[in-house]
Amino acid sequence: MRKAAEYEAEEIWLHEFLRFQQEICLEVEAQETMREFGVTMSDVLYVLRNGKVIFADRDECGARINVYGRNCDGEEISVAARMVSEMMHVAVIRVKKHRRTQL
């Protein structure tokens, strides 16, 4: 597995895309997991704009990425998405809110 710094190209592409585009697609699974974890669209956009790409699997059309970050309330959220370069398209596949464990 590569280090997060190796995914800088995907992170720059995603952040630039979101600077100019407000519209992203939500797959059915993403909508279901958002409902399950109580994650809003604002949370997802905040993480995509401010989080770190921690994994990317590139192919000829773009990349499948995992982005990890915190929402405005400090809750840890990960977002799996598909970026399609030619179409300037981002589709959110899955969303997960990470629960903090109490010691």
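Keep in mind it's a predicted model, so treat the numbers as computed, not measured.
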Checklist entry - How many angstroms lie between atom CG of N50 and atom CG of L18, to the nearest 0.5 angstrom? => result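 Answer for the CG-CG pair, N50 versus L18, is 9.5 Å.
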Next on the checklist: Can you tell me how far apart NE2 (H89) and SG (C61) are? Round to the nearest 0.5 Å.
Outcome noted: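 If I round to the nearest 0.5 Å, the distance is 11.5 Å.
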Pair [X] + [Y], salt bridge at N-O below 4.0 Å:
{"X": "E11", "Y": "K52", "answer": "yes"}
{"X": "R70", "Y": "D43", "answer": "no"}
{"X": "R58", "Y": "E10", "answer": "yes"}
{"X": "R35", "Y": "E32", "answer": "no"}

Item to check | All salt bridge (charged side-chain N to carboxylate O under 4.0 Å, His left out) counterparts of R64, not counting sequence neighbours | outcome: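 Listed in chain order: nothing, the list is empty.
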Item to check | Counterpart residues, side chain to side chain contact (heavy atoms under 4.5 Å, CB included), relative to Y68 (two or more places apart) | outcome: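 Side chain to side chain contact (heavy atoms under 4.5 Å, CB included) check on Y68 returns I54, E76, S78, H98.
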Any side-chain heavy atom of [X] within less than 4.5 Å of one from [Y]?
{"X": "W13", "Y": "V90", "result": "yes"}
{"X": "N66", "Y": "V53", "result": "no"}
{"X": "T40", "Y": "N71", "result": "no"}
{"X": "L26", "Y": "M34", "result": "yes"}
{"X": "L48", "Y": "V92", "result": "yes"}
{"X": "T33", "Y": "V39", "result": "no"}

Next on the checklist: More than 12 heavy atoms of other residues, nucleotides or ligands under 6.0 Å from NZ of K97: yes or no?
Outcome noted: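 Atom NZ in K97 is crowded, with more than 12 foreign heavy atoms closer than 6.0 Å.
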Checklist entry - Pick one: which of K96, R82, R94 meets salt bridge (Lys or Arg N to Asp or Glu O under 4.0 Å) with E29? => result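 So, applying the salt bridge (Lys or Arg N to Asp or Glu O under 4.0 Å) to E29 and each of K96, R82, R94, only R94 qualifies.
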